[in-house]
Amino acid sequence: MAGRVLTRYVGKTLLSAPGAKGIGVRGTARLYWTATARTSGRAAFILGLPTLSCLGYEVYHRLQSSAVVHALQKEEVLEQADYLYSCAETEKLYQMLLQFRNSNDADFLWRLARASRDLSLLPNTEAWQKKQLTFEAFEYAKKALEKDDKCFAAHKWYAVCLSDIGDYEGIKVKIGNSYIIREHLERAIKLNPKDATSLHILGYWCFAFAELPWYQRKVAAVIFASPPVSTYEEALEFFLKAEEVDPNFYSKNLLMLGKAYMAMKDKQKALYWLNKAKECPAHTLEDKEVHKEVLELLKKLG
């Protein structure tokens, strides 16, 4: 369903904007996921916390003492937050950033929104906790945007979290939110054209509406005079741009390139991208899911 467009794509948050520091990645990018650190990204998954560098070790343990948290410089805290994100230490990251939930700094708030969302997606999270964290993430993202509407990451995570809460608010709200989601993704890309994950997510948005079943289109048309529409060509454009910005940053983007070309009946190019996705190391649970789907599609294509 188009309303679930952003459901796991976002974890990746490649923060490559000018001046951005200490951004962690996930995915091929987090190469565990994280779309941000250079291995691409999305949200954390399976990797354990690797050996900490001297700086990371020191900062991490200083953060354990609430008495010194506020004494740390912002840059130092954000560096450690992005380090934990790149290591898929979701619960530790969430607890660390929770200390800044009342902050007026968008850099802390959008990271807390991302961490809350990632925590909601962990397999051991119960349904009631997932819902609570989903709405919590949205509130942090909303606040981040209110504090700094020039922050591309705030726009991106606002879009992602808005999509998530649509799963709890019904189809009318979900479809209505789709317009807003696209607007914020476009704003994020305008503010930072080099963020591959924003491009990927917008491509996925386009793909979801391009393949929307006829009966869902009919429902949408009844509710809205002009329901959201898109094409596979438009989706392909964003997936290709994401790949241009950061080649092989995310196995899911390679998969979606293959699926877009399949939808456009271009078997040769579909095979090219699906085989590239097949060659990607499966470091995360998502990577393994992508690999499984790729094999199924390759078999289908013969």
Side-chain angles (χ1 to χ4, degrees), residues 5-17 20 22-47 50 82-83 85-88 114 118 152-153 156 160 185 188-189 192-207 232-264 266-299 301:
V5 163
L6 309 175
T7 296
R8 294 251 317 163
Y9 287 98
V10 247
K12 289 185 180 180
T13 291
L14 211 97
L15 300 189
S16 52
I23 298 304
V25 169
R26 188 162 164 155
T28 267
R30 221 196 188 195
L31 269 170
Y32 157 32
W33 133 279
T34 321
T36 300
R38 174 67 213 137
T39 171
S40 162
R42 227 225 316 225
F45 283 150
I46 308 169
L47 299 186
D82 293 332
Y83 179 77
Y85 177 70
S86 70
C87 298
R114 181 181 64 181
D118 286 352
F152 89 92
K156 173 164 64 175
V160 171
L185 289 173
I189 293 170
N192 182 12
K194 298 299 183 181
D195 181 43
T197 57
S198 293
L199 291 162
H200 169 81
I201 296 169
L202 185 49
Y204 195 77
W205 185 101
C206 294
F207 188 92
Y232 292 117
E233 288 77 9
E234 186 177 21
L236 179 64
E237 181 180 347
F238 287 114
F239 293 141
L240 287 173
K241 182 62 177 178
E243 207 60 30
E244 177 185 333
V245 167
D246 193 2
N248 302 315
F249 78 105
Y250 186 26
S251 63
K252 189 79 172 189
N253 197 63
L254 300 175
L255 167 62
M256 295 309 298
L257 278 163
K259 293 178 72 171
Y261 277 117
M262 283 183 67
M264 295 165 62
D266 190 332
K267 181 178 179 180
Q268 183 177 0
K269 290 183 179 179
L271 287 171
Y272 172 79
W273 289 106
L274 290 175
N275 278 310
K276 287 199 68 172
K278 178 184 175 181
E279 294 168 2
C280 286
H283 294 289
T284 70
L285 175 60
E286 182 185 45
D287 288 334
K288 293 177 182 178
E289 293 173 347
V290 166
H291 190 263
K292 180 180 179 180
E293 184 173 357
V294 165
L295 292 180
E296 293 173 349
L297 292 176
L298 287 172
K299 184 178 180 180
L301 289 174

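Values below: every heavy atom of this structure, side chains too, minus hydrogens, waters and symmetry copies.
- Atoms NZ and CG, on K299 and L297 in that order, are 12.0 Å from each other to the nearest 0.5 Å.
- For A270, the side chain to side chain contact (heavy atoms under 4.5 Å, CB included) partners are Y261, M262, L301, not counting sequence neighbours.
- Under the side chain to side chain donor-acceptor pair (under 3.5 Å) criterion, K276 pairs with N248, sequence neighbours left out.
- Applying the salt bridge (charged side-chain N to carboxylate O under 4.0 Å, His left out) test to E293 and every residue at least two apart in sequence or in another chain returns K259.
- Heavy atoms only, all atoms of each residue included: S198 and K156 are closest at OG-CD, 3.1 Å.
- S251 OG to K288 NZ: the interatomic distance, rounded to the nearest 0.5 Å, is 12.5 Å.
- For E233, the side chain to side chain contact (heavy atoms under 4.5 Å, CB included) partners two or more places apart in sequence, or in a different chain, are T231, M264.
- With sequence neighbours excluded, no residue forms a ring pair (Phe, Tyr, Trp, His ring centres under 6.0 Å) with F238.
- With values rounded to the nearest 0.5 angstrom, N192 atom CG is found 9.0 Å from L199 atom CG.
- In terms of the salt bridge (charged side-chain N to carboxylate O under 4.0 Å, His left out) criterion, E296 has no residue partners (sequence neighbours excluded).
- Distance check, rounded to the nearest 0.5 Å: CG of L274 to CG of L298 gives 5.0 Å.
- Residues A242 and A196 approach most closely at CB-O, 3.5 Å, considering heavy atoms.
- E243 meets the salt bridge (charged side-chain N to carboxylate O under 4.0 Å, His left out) test with no other residue; sequence neighbours excluded.
- To the nearest 0.5 angstrom, L185 atom CG is 11.0 Å from H200 atom NE2.
- Partners of K292 by salt bridge (charged side-chain N to carboxylate O under 4.0 Å, His left out), not counting sequence neighbours: none found.
- A donor-acceptor distance shorter than 3.5 angstrom exists from the side chain of N253 to the backbone of F239, with no hydrogens or angles considered.
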| For N275 and V294, what are the C-alpha separation, side-chain angles and deciding distance, and is it a side-chain contact (heavy atoms from CB on, under 4.5 Å)? | CA-CA 8 Å; N275 278 310; V294 165; over 6 Å; no
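- The two residues P193 and V245 make their nearest non-hydrogen contact at O-CG2, 3.8 Å.
- In terms of heavy atoms, A260 sits closest to L236 at CB-CD1, 4.1 Å.
- Atom OG1 of T197 is separated from atom CG of L202 by 11.5 Å, given to the nearest 0.5 angstrom.
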| task | Carefully, step by step, assess L257 and L240 under the rule side-chain contact (heavy atoms from CB on, under 4.5 Å). | result | CA-CA 7 Å; L257 278 163; L240 287 173; 3.5 Å; yes
